[in-house]
Peer 1: 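Below is the structure I would like to discuss, written out as C-alpha cells.
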Amino acid sequence: MKPQNVPAADTEALDAYSRAVSGVAATVLPSVASLAVVTARGQGAGSGVLFTPDGFMLTSAHVVAEATGGEAEFTSGDEARFDVVGADPLADLAVLRVPGASVPPATLGDADTLRIGQLVIAVGNPMGLAGSVTAGVVSALGRSLPVRSGRHVRLIDDVIQTDAALNPGNSGGALADSTGRVVGINTAVAGFGLGLAVPINSTTRYIISELMSDGRVRRAWLGVAGAPTPLPPHLVERLGQRRGLRLVEVVPGSPAAQAGLFLGDVMITAGGRPVRGVQDVQRLMLGPAIGTRLPVTVLRRGALVDVVAVPEPLR
C-alpha cells in the first residue's frame, strides 16, 4: 500500500533505494566479521571483511595493532581464530587469515570509479552490534588522512568521505557500492555525520598483495617535505598545471639531497608525472621505486631544473 500524500514517483524511488540497500546487505553481510583482539594494552574490537575463498581478511591496521591474532565471529554464527598476516600502519590496512572459513568472500571493487553523491553502504559491527548496516552517499573524494608509524608520518590519500553512520567498532568493516562490491575499508569517525574509508584502488591493491605475500610493505624514501604552491602564470599556460610542491625540508644526506634538491625548490614533476601535492610524491614511494632512477623537475629561481634521485628503502 502506497503511503498517503507521497507522490508515486517518490515511493518508487524509495522502494528502489530500499531494494539497493537490502540487496547489498544480503551480499556483503555474510563476509563481514566482528573481531575481538587482546593485546598488552587491553581488549579491542573492530570489523573485518573476508575477501578470498581461502580465508584472507581485510581490516584496519589500528584494529589489530600489536596483536598477533584474535577471534572472528560472522553473522552466520560461525566463530574462528584469526592470525595477523601483516599490517601497514601507513595505509591503515591489515591482512588477517581465518583458516577454514566457510563463509562466502566479498568482491573487491575500484574506488577510483566512485562519484560524489553515489550511494554507499557501510557494513560492520559498531558498538559491538554485529551485522549493522548503514547507508549514505559519497560526500567527498580525494580527502587525506594523516597517520603515523614510529617517527614517520604519512597522508593516506584519496580517502572516501561518507555520511553513512560510522561508530567505534566499524573500523575495518566494508564500505560497498550499490552493486555489493567493497570499495573501501572504514577507518575513522571524523565527526558527527562524517565517516572516512581507505579506498580500494590500484595503490591499496598493491599494498594488500604485499601484505599477503610478505607480511609487510616495502616503501621508498626520498627525504623531502613540502606544501602546495601556485605556479607562475606563464608556467600554468605552458604546462597546464596550476600548482607544484614547494620543498620546506630536504633531509641532509637523503636521496633528495644527494640528487641536488634544495630548500625552496618547487617540484613540478616526478617520474614523468605532475606533482601538485605531497600525495603525488607518496604514490611513487612504493617498493618498485627503491634503487631506481626517478627523474625530477623543479622550479628554481625562475628556471626549470632537472635532477635524478634514487629513492632508498624507508627504514
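Quick caveat, the model's predicted, so the values are computed rather than measured.
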Peer 1: Can you confirm whether more than 12 heavy atoms, excluding those of Arg273, are under 6.0 Å from its CZ atom?
Peer 2: no
Peer 1: State whether the side chain of Asp280 and the backbone N or O of Gly277 hold a donor-acceptor pair below 3.5 Å, judged by distance alone.
Peer 2: yes
Peer 1: One pair to check against side chain to side chain contact (heavy atoms under 4.5 Å, CB included): Val275 and Ile268. What are the steps and the verdict?
Peer 2: CA-CA 5 Å; Val275 173; Ile268 306 294; over 6 Å; no
Peer 1: Does Gln258 use its side chain to pair, donor to acceptor, with the backbone of Gly253 at less than 3.5 Å?
Peer 2: yes
Peer 1: Check step by step if side chain to side chain contact (heavy atoms under 4.5 Å, CB included) holds for Val251 and Trp221.
Peer 2: CA-CA 11 Å; Val251 178; Trp221 179 62; 4.1 Å; yes
Peer 1: Treating Ile, Leu, Val, Met, Phe, Trp and Tyr as nodes and any side-chain heavy-atom pair under 4.5 angstrom as an edge, say whether Val198 and Met212 lie in one connected cluster.
Peer 2: yes
Peer 1: About how many Å separate CG of Leu141 and OG1 of Thr162, when rounded to the nearest 0.5 Å?
Peer 2: 10.0 Å
Peer 1: Please round to the nearest 0.5 Å and tell me the distance separating atom CD of Glu73 and atom CD of Glu79.
Peer 2: 4.5 Å
Peer 1: Sub-3.5 Å donor-acceptor pair from the side chain of Ser254 to the main-chain atoms of Ala257, do we have one?
Peer 2: yes
Peer 1: Should Leu196 and Ile160 count as side-chain neighbours, where that means a heavy-atom distance under 4.5 Å?
Peer 2: no
Peer 1: State whether the side chain of Asn201 and the backbone N or O of Thr203 hold a donor-acceptor pair below 3.5 Å, judged by distance alone.
Peer 2: yes
Peer 1: Would you say Ile200 and Leu93 are hydrophobically clustered, going by side-chain heavy atoms of ILVMFWY under 4.5 Å?
Peer 2: yes
Peer 1: Sort out for me which residue in Leu50, Val98, Thr75 forms a side-chain contact (heavy atoms from CB on, under 4.5 Å) with Val103.
Peer 2: Leu50
Peer 1: Hey, does Val298 have a side-chain heavy atom less than 4.5 Å from the side chain of Phe262?
Peer 2: no
Peer 1: Side chains of Asn186 and Ser171: do they bring a donor and an acceptor to under 3.5 Å?
Peer 2: no
Peer 1: Drop me the distance from Ile208's CD1 to Phe56's CZ, to the nearest 0.5 angstrom.
Peer 2: 12.0 Å
Peer 1: May I ask whether Val133 and Val49 are part of the same hydrophobic cluster, defined by side-chain heavy atoms of I, L, V, M, F, W, Y residues being less than 4.5 angstrom apart, directly or through others?
Peer 2: yes
Peer 1: Are Met57 and Val95 packed together at the side-chain level, in the sense that at least one heavy-atom pair is separated by less than 4.5 angstrom?
Peer 2: no
Peer 1: Do Pro288 and Tyr206 have side chains that approach each other closer than 4.5 Å (heavy atoms only, starting at C-beta)?
Peer 2: yes
Peer 1: Tell me whether Arg238 at atom CZ has more than 12 heavy atoms from other residues, nucleotides or ligands lying less than 6.0 Å away.
Peer 2: no
Peer 1: Counting only heavy atoms not in Arg242, do more than 12 sit closer than 6.0 Å to its CZ atom?
Peer 2: no
Peer 1: Can you check whether Met285's main-chain N or O pairs, donor with acceptor, with Arg219's side chain at less than 3.5 Å?
Peer 2: no
Peer 1: Nearest 0.5 Å please: distance from the CG atom of Asp163 over to the OG1 atom of Thr134.
Peer 2: 9.0 Å
Peer 1: Any side-chain to backbone donor/acceptor pair from Asp15 onto Ser18? Under 3.5 Å, distance only.
Peer 2: no
Peer 1: Side chains of Leu96 and Thr59, heavy atoms from C-beta outward: is any pair under 4.5 Å?
Peer 2: yes
Peer 1: Among Ile, Leu, Val, Met, Phe, Trp and Tyr joined by side-chain contacts under 4.5 Å, find the other residues sharing a cluster with Leu263 and list them by chain and number.
Peer 2: none
Peer 1: Is there side-chain contact between Val183 and Leu108, with at least one heavy-atom pair below 4.5 Å?
Peer 2: no
Peer 1: State the OG-CD distance between Ser34 and Glu71, to the nearest 0.5 angstrom.
Peer 2: 11.0 Å
Peer 1: Less than 4.5 Å apart, side chain to side chain, heavy atoms only: is that true for Val84 and Arg97?
Peer 2: no
Peer 1: For Val137, is there any backbone N or O sitting under 3.5 Å from a side-chain donor or acceptor partner on Gln118?
Peer 2: no
Peer 1: Does the Asp83 side chain pair with the main chain of Gly69, one donor and one acceptor, at a distance under 3.5 Å?
Peer 2: no
Peer 1: Would you check if Val296 and Thr269 make a side-chain contact, meaning some heavy-atom pair closer than 4.5 Å?
Peer 2: no
Peer 1: Could you grab the distance from atom OG of Ser31 to atom CG of Leu58, nearest 0.5 Å is fine?
Peer 2: 11.5 Å
Peer 1: With side chain to side chain contact (heavy atoms under 4.5 Å, CB included) as the criterion, how do Glu210 and Arg205 come out once you've worked through the C-alpha distance, each side chain's angles and the decisive distance to 0.1 Å?
Peer 2: CA-CA 9 Å; Glu210 288 287 285; Arg205 282 177 181 270; over 6 Å; no
Peer 1: Do Arg181 and Asp110 meet the salt-bridge criterion of a basic N to acidic O distance under 4.0 Å?
Peer 2: no
Peer 1: Between Asn170 and Ser47 (side chain of the first, backbone of the second, donor and acceptor by atom type, cut-off under 3.5 Å), is there such a pair?
Peer 2: no
Peer 1: Would you say the side chains of Ser132 and Asn125 form a donor-acceptor pair under 3.5 Å?
Peer 2: no
Peer 1: Applying the side-chain contact (heavy atoms from CB on, under 4.5 Å) test to Leu245, which of Val266, Asp265, Val281 qualifies?
Peer 2: Val281
